[in-house]
Amino acid sequence: QVQLVESGGGLVQPGGSLRLSCAASGRTFSSYAMGWFHQAPGKERELVAAISSGGSTYYSDSVKGRFTISRDNAKNTVALQLNSPKPEDTAVYYCAADLSTAGIRRGVVQYWGQGAQVTVSS
């Protein structure tokens with residue numbers, strides 16, 4: 001019922017900025033909690049940021065103060081603004097949707113996007 005498509009990935013220099021966008025195709029986007037995860041080669045997929053249907057946000061300690069998650073229910077999109085990215089932020093970033101914030105926090109979600117590569121390098 002919900003399809004998620006990420007865009008905006010690419011190469012960014014440390015200290016630069018990058019904006020990822022996730023476009024959702026579904027009937028009830030505004031009812032879903034949304035999240036951004038990342039996964040580096042050989043590592044577990046980790047939650048980076050989440051936003052509830054009501055707009056409450058969560059950030060992992062590693063990105064807090066640098067990344068910002070937002071949503072635009074009118075456009076069925078969720079974005080992740082990466083400011084001052086670090087090389088350790090290099091990963092594939094996945095958009096995810098679930099009916100509950102708890103699902104996002106657990107990483108057990110109903111829908112995943114295909115992923116977008118973000119490479120932070122000088």
Side-chain angles (χ1 to χ4, degrees):
Q1 293 184 356
V2 177
Q3 294 182 339
L4 307 173
V5 180
E6 300 98 334
S7 62
L11 178 66
V12 61
Q13 295 184 345
S17 64
L18 189 73
R19 186 176 179 87
L20 299 175
S21 182
C22 174
S25 178
R27 299 181 181 180
T28 56
F29 172 79
S30 62
S31 298
Y32 283 82
M34 305 293 296
W36 285 97
F37 294 75
H38 70 187
Q39 186 170 28
K43 299 182 180 179
E44 297 180 350
R45 188 173 298 187
E46 298 179 332
L47 178 64
V48 175
I51 186 166
S52 72
S53 61
S56 298
T57 58
Y58 162 86
Y59 298 95
S60 68
D61 290 341
S62 65
V63 308
K64 193 173 299 181
R66 299 187 296 118
F67 295 2
T68 302
I69 189 171
S70 61
R71 68 189 299 160
D72 187 337
N73 289 339
K75 297 181 179 179
N76 278 21
T77 59
V78 61
L80 185 69
Q81 179 72 34
L82 290 71
N83 293 332
S84 300
K86 304 175 181 179
E88 51 263 42
D89 296 320
T90 295
V92 177
Y93 283 72
Y94 297 91
C95 179
D98 195 80
L99 286 172
S100 71
T101 301
I104 297 294
R105 295 290 298 271
R106 294 195 305 265
V108 182
V109 304
Q110 291 185 286
Y111 303 99
W112 291 100
Q114 82 284 359
Q117 177 70 47
V118 173
T119 301
V120 184
S121 176
S122 60

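- Applying the ring-ring contact (aromatic ring centres under 6.0 Å, His included) test to residues at least two apart or on different chains, none of the pairs has a partner in residues 55-88.
- Residue pairs meeting the side chain to side chain donor-acceptor pair (under 3.5 Å) criterion with at least one member in residues 9-19, sequence neighbours excluded, are R19-Q81.
- Residue pairs meeting the side chain to side chain donor-acceptor pair (under 3.5 Å) criterion with at least one partner in residues 20-30, sequence neighbours excluded, do not occur; the list is empty.
- Sorted by first and then second residue, the disulfide (SG to SG under 2.5 Å) pairs involving residues 30-69 (not counting sequence neighbours) form an empty list.
- What you find for R71 and F29 is that their closest heavy atoms are NH2-O, 3.0 Å.
- For S60, the side chain to side chain donor-acceptor pair (under 3.5 Å) partners are S62, not counting sequence neighbours.
- Among residue pairs with one or both ends in residues 9-72, those qualifying as disulfide (SG to SG under 2.5 Å) are C22-C95; sequence neighbours excluded.
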Can you give me every donor-acceptor pair (side chain of residues 33-42, partner residue at least two apart or in another chain, under 3.5 Å) with its distance?
from, atom 1, to, atom 2, distance (Å)
H38, ND1, Y93, OH, 3.2
Q39, OE1, R45, NE, 3.4
Q39, OE1, R45, NH2, 3.4
Q39, NE2, K43, O, 3.1

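- Evaluation of the side chain to side chain contact (heavy atoms under 4.5 Å, CB included) rule for A74 yields D72 as partners, not counting sequence neighbours.
- Residue pairs meeting the side chain to side chain donor-acceptor pair (under 3.5 Å) criterion with at least one partner in residues 112-122, sequence neighbours excluded, are E6-Q114, Q117-T119.
- Here salt bridge (charged side-chain N to carboxylate O under 4.0 Å, His left out) pairs that include residues 83-100, with residues two or more places apart or in two chains, are R66-D89.
- The side-chain heavy atoms of V12 and L82, taken from C-beta on, include no pair separated by under 4.5 Å.
- Applying the salt bridge (charged side-chain N to carboxylate O under 4.0 Å, His left out) test to pairs two or more places apart or on separate chains, those with a residue in residues 53-64 are D61-K64.
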